[in-house]
Structures are given as C-alpha cells and as structure tokens.
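These notes are about the structure you will find just below.
These numbers come from the heavy atoms of this one structure, side chains and all, not from hydrogens, waters or symmetry mates. Model, not experiment: these values are computed from the prediction.
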Amino acid sequence: MTEKGLPGKKARISGTENEWMFTAYLGKDANGKQKRVRHRFKNTKQGEEATEREADYEFRAWLNQMEKEIINPPKKPETLGEYLEFWLSNYVKPTKEARTYESYRDEIKRHIAPEIGHIPLTSLSATHIQKYLVLVLEDGRKDSKGGLSPRTVEYHRAILSKALNQAVDLDKISANPVKKTVLAKKKTLATDKNKLVLDAQQLEAFLRACENEYYYTLVYVAAYSGMRLSELLGLTWDCIDWENNTIEVNKSAHISEEHGNAVRPGVKSESSHRTIDVDPSVMEILRVHQIKQMSPSKKRKRLLPESKLPLVFKNRGGNPYQDNNVQRRFRVLSDKYGLPAEFSFHNLRHTHASILVAAGWSIKEVSERLGHADIVITLRYYVRVIPNENRRIGSAFGDLIRQDTAKGKSCEIITLPQILPQ
C-alpha cells in the first residue's frame, strides 16, 4: 500500500523472477464487496535488486495513473445541451417572464437538445447549426408530418443566438457560430397570409355574428384597439378613461406552469406602454360589460388571488380569463362563422392594423398604436395594404418639374464638364 493516495499491493508472480502483479483497491461496492483493478508487469532489468527497485517504481507510477483515471477522472467537455440547461437556469429564468422561460425550455427540450445537444460546446460550429436549421425545416415535427414552420425555425435560431452570445461573454467560446448561419426565405403576411386579414366589411359582419357570444366584448375591443391578447387580459378598469375615450396599456397577463395565471405590471417593451384612443362604441360596450360584471354571480365558488384585481375581463365565476381558453374558444367562433381555419385571435390585431394602413394612416402612427418596438416591424407586415394612388412615380416626378416650369422658376445651367472630374 502506498503512503498516500490509492491503496494497492505489489506481488511477484509465483514461478517467475521478473513478473509482477499490481493490484489497486477502489473501495467497496453497494453490496460491500471490495472493488479492485489488476495489472501484470514484466521487468526487463537484470539482477534481483534492480528487478525489485524497477517493479516498485512502476507500481507507484501505475497507482498514480489509476488514481487519476478512476478516482479523479478527467472532466468531459461541456456539451451544448449541458450549457443550455445552465443558461436557462441562471440567465433566462431569473431575468425573463415565466412564459418566456418555459417557451425557451420547451423548444430546447423537444427539438434543439435531441438533435445537437450532444456536441461539445467548444466544438460547435456554424455547420452544425446550419444543418440543424435545414433538418427541422424539412422534417422537424414530432408527429412525423413534415417540418416546422419557418417562423419556428427562426425562433430556434434566435434562442441559440441569445444563448451563445452569453457563452461568448462567459469566455466559454470565442465567437457565436449562429452569426454565420442563414435561414430559408420566410414568407410573411404580405405574401402568404392575405387570407388571414379581414377587410372592414368582413370584420363588421363577423362582429355582428358574434354579438351574442360569450367572448363578444373581448373580441370587439381587440378588433377596435389592436391590443395583444395578453394586454387585454391584464387590462384593469382604472386604465379606461371614459371621458376621453382612451385606454392605457400598462399591464399584461400570462400563464406559466410555475405561477399559473399571473398579471404583471409592465408590458412587452417600453414602446408597448401606450395610451390609445378608441371609438365611442368601444366605451359603450365596455360600460355594459362592467354592469354585467358587477352583478352577483352564483358560480363564484373559488376565487383565485388574481380575482381581487379590478380586471376588465373575468369569467362568470369571477376569475380572470385564461389565455388558452380564449384561444380555443375563438377557433370555435372563427370556424362557426366561416373564417379561415388559420385565423387566430392574434389576427384581429393584424386586421386592425391593415384596415388603418389601407385607409391612409401612416406606418408610424399605426406602429405607435400597436406598440411595436421598431417601425420596420410594422412596415414588414403591412406594406401590402398601403394605398395605391394609381399613379406612376415617374409621372408624378414629371408633374413636379412641369409645375415649377409653369411658375416661371429658372436656375443657372451647369454644364457637365463643370461638375464631372476631368
């Protein structure tokens, strides 16, 4: 046995002069049986003393090596999957909303980790990520019915980019490989989602059809305000200015596994905190809704903590509307009244913006009303409905020249040699 470190034994093999059996003892297993490792050593040194000394040297070296490999094995390189778990727990969960954390976690668990989570973080390349993006776009659905939508694939790329940017900041990798990847061209609302936007007449007909439906007030306010569903479910009565016909958007509601249905102060971004003016009909409908809400209900058996908030939208039992229930019930309504199967509650927001842009309101005004962080977002989705003045821009330019000429305006003629380099 050595003085320090892993215990062991060295013994000459019977019937030989220069062969030895080394044994290292690794402790006992769960059944109390001694665990050990053996190694046969043959000494080429001449003479009994030299043979003993060499065997002892080799025995100690072997024990040290066993201790490194078995007792203190070298650490395996951190994989992408292990790093993403660390990132979620230490950087996403403490800083993001519960719903965002759960969304990131679920996409990583269902798609990203099973495909590329085994790759060592330091070996991860743009090639790995690019192949993954192409794979899930073509065959990423868990029901084996094709690929994920381009929007979902873009979301995966964004998750990886955020995570690996953090890895760069932590000096785990030198550069973010996501930056060298590309996405397939994504169709937008301007090309493949025309059927998901109603015009003014279609919207009016749909709202009339829904007049006696349970979620009518919620649907009406959404269509006339362009507010997000989370903003509507977090709306409180004190945010409604009855005199000026305005609604302040300063809260939102989200469902998470950890916190359930939670209303948070603050909204998606700084630009999302806004005050929007609405049509007087919205106020009339909200007033009727408030009166109904204040009437006693026999179904209020168990009120949730959020029920104490002066929320505008609560169910018959006095509890807040649930996001998933609203989405599910709206799909029933859209099917019942002949809207496209893909028309979701969120498409009321798209419809609101499209009607405004088509009527001539500027992209900037619509962007501020929707609470977009960047006017480019608004332009990308609603450029197709910008009014066409039925005039070619070339003709308009010619008109400007002719108008100035007719007014007798003149200028000094500059010849080309004067303004071009010799």
Side-chain angles (χ1 to χ4, degrees), residues 91-92 95-97 99-101 103-104 107 133 148-166 168-169 176 178-194 196-198 221-235 239 246-254 264-278 323 344-388:
Y91 288 92
V92 179
T95 61
K96 300 291 185 181
E97 294 297 326
R99 192 171 184 177
T100 300
Y101 161 74
S103 176
Y104 284 9
E107 295 301 321
L133 297 175
L148 301 178
S149 69
R151 183 175 181 178
T152 301
V153 176
E154 183 177 5
Y155 185 46
H156 289 190
R157 184 176 181 270
I159 292 173
L160 284 168
S161 183
K162 291 176 185 293
L164 296 176
N165 277 338
Q166 190 68 58
V168 173
D169 292 342
N176 185 347
V178 174
K179 294 181 178 180
K180 296 183 179 180
T181 63
V182 296
L183 288 168
K185 186 176 180 180
K186 185 182 75 171
K187 295 181 179 179
T188 67
L189 188 67
T191 55
D192 71 333
K193 293 187 177 181
N194 293 345
L196 300 184
V197 177
L198 306 180
V221 177
Y224 270 74
S225 69
M227 292 170 63
R228 301 177 178 92
L229 178 57
S230 61
E231 295 169 344
L232 289 162
L233 298 187
L235 181 64
C239 292
T246 61
I247 297 175
E248 182 183 5
V249 183
N250 60 11
K251 291 181 287 295
S252 59
H254 294 283
R264 64 176 183 184
V267 280
K268 185 176 182 180
S269 63
E270 184 177 349
S271 58
S272 295
H273 185 177
R274 61 203 188 277
T275 298
I276 55 179
D277 63 290
V278 294
D323 178 297
S344 68
F345 191 94
H346 192 71
N347 288 106
L348 292 173
R349 178 171 162 88
H350 288 320
T351 294
H352 180 85
S354 295
I355 291 174
L356 287 176
V357 174
W361 291 89
S362 73
I363 290 292
K364 182 177 184 298
E365 290 170 310
V366 175
S367 181
E368 292 175 351
R369 184 173 179 84
L370 295 178
H372 282 161
D374 191 336
I375 193 173
V376 174
I377 299 172
T378 318
L379 186 60
R380 182 188 307 143
Y381 280 100
Y382 307 111
V383 65
R384 70 173 185 82
V385 292
I386 294 176
N388 181 1

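Here the side chain of Thr100 pairs no donor or acceptor atom with the backbone of Lys96 at under 3.5 angstrom. Within the 3.5 Å criterion, the main-chain N or O of His350 finds a donor-acceptor partner in the side chain of Ser354. No side-chain donor-acceptor contact under 3.5 Å links Ser230 to the backbone of Ala253. Judged by distance alone, the side chain of His352 and the main-chain N or O of Ala223 form a donor-acceptor pair under 3.5 Å. Of the possible polar contacts, none joining the Ser367 side chain to the Ile363 backbone as a donor-acceptor pair under 3.5 Å is found. The closest donor-acceptor contact from the side chain of Thr95 to the backbone of Tyr91 lies under 3.5 Å. Arg349 places a side-chain N or O within donor-acceptor distance of the main-chain N or O of Gly226, the cut-off being under 3.5 Å.
Partners of Ser103 under the side chain to side chain donor-acceptor pair (under 3.5 Å) rule, at least two apart in sequence or in another chain, are Tyr155.
Between atom CG of residue Asp277 and atom OG1 of residue Thr246 there is a gap of 8.0 Å, rounded to the nearest 0.5 Å. Here CG of Leu196 is found 7.5 Å from OG of Ser344. Values are rounded to the nearest 0.5 Å. Taking CG of Asp323 as the start and CZ of Phe345 as the end, the distance is 9.5 Å to the nearest 0.5 Å. Rounded to the nearest 0.5 angstrom, Leu356 CG and Thr378 OG1 are separated by 11.5 Å. Here Ile159 contributes atom CD1 and Leu164 contributes atom CG; the two are 11.5 Å apart, rounded to the nearest 0.5 Å. Between Glu368 atom CD and Ser362 atom OG the span is 7.5 Å, to the nearest 0.5 Å.
At a threshold of 4.5 Å between non-hydrogen side-chain atoms, the residues Ile247 and Thr275 do not count as touching. A heavy-atom distance below 4.5 Å is found between the side chains of His156 and Glu107. In this structure, Glu154 and Ser149 have side chains that are not in contact, with every pair of non-hydrogen atoms separated by 4.5 Å or more. Counting heavy atoms from C-beta on, the side chains of Glu231 and Arg274 come closer than 4.5 Å. Ser161 has its side chain within reach of Asn165: a pair of non-hydrogen atoms, C-beta onward, lies under 4.5 Å apart. Side chains of Asn250 and Cys239 form a contact here, defined as non-hydrogen atoms less than 4.5 Å apart. With contacts defined as side-chain heavy-atom distances shorter than 4.5 Å, the pair Arg157/Thr181 qualifies.
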Practice problem: Decide side chain to side chain donor-acceptor pair (under 3.5 Å) for Arg228 and Ser252; before the verdict, give the C-alpha distance in whole Å, the side-chain angles of both, and the deciding distance to 0.1 Å. | Solution: CA-CA 9 Å; Arg228 301 177 178 92; Ser252 59; over 6 Å; no
Self-check item: Stepwise side chain to side chain contact (heavy atoms under 4.5 Å, CB included) check, Lys251 with Leu235
Solution: CA-CA 6 Å; Lys251 291 181 287 295; Leu235 181 64; over 6 Å; no
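Taking a cutoff of 4.0 Å between a charged side-chain nitrogen and a carboxylate oxygen, Glu365 and Arg369 do not qualify as a salt bridge.
Among all heavy-atom pairs drawn from Val92 and Tyr104, the shortest one is CG1-CD2, 3.8 Å.
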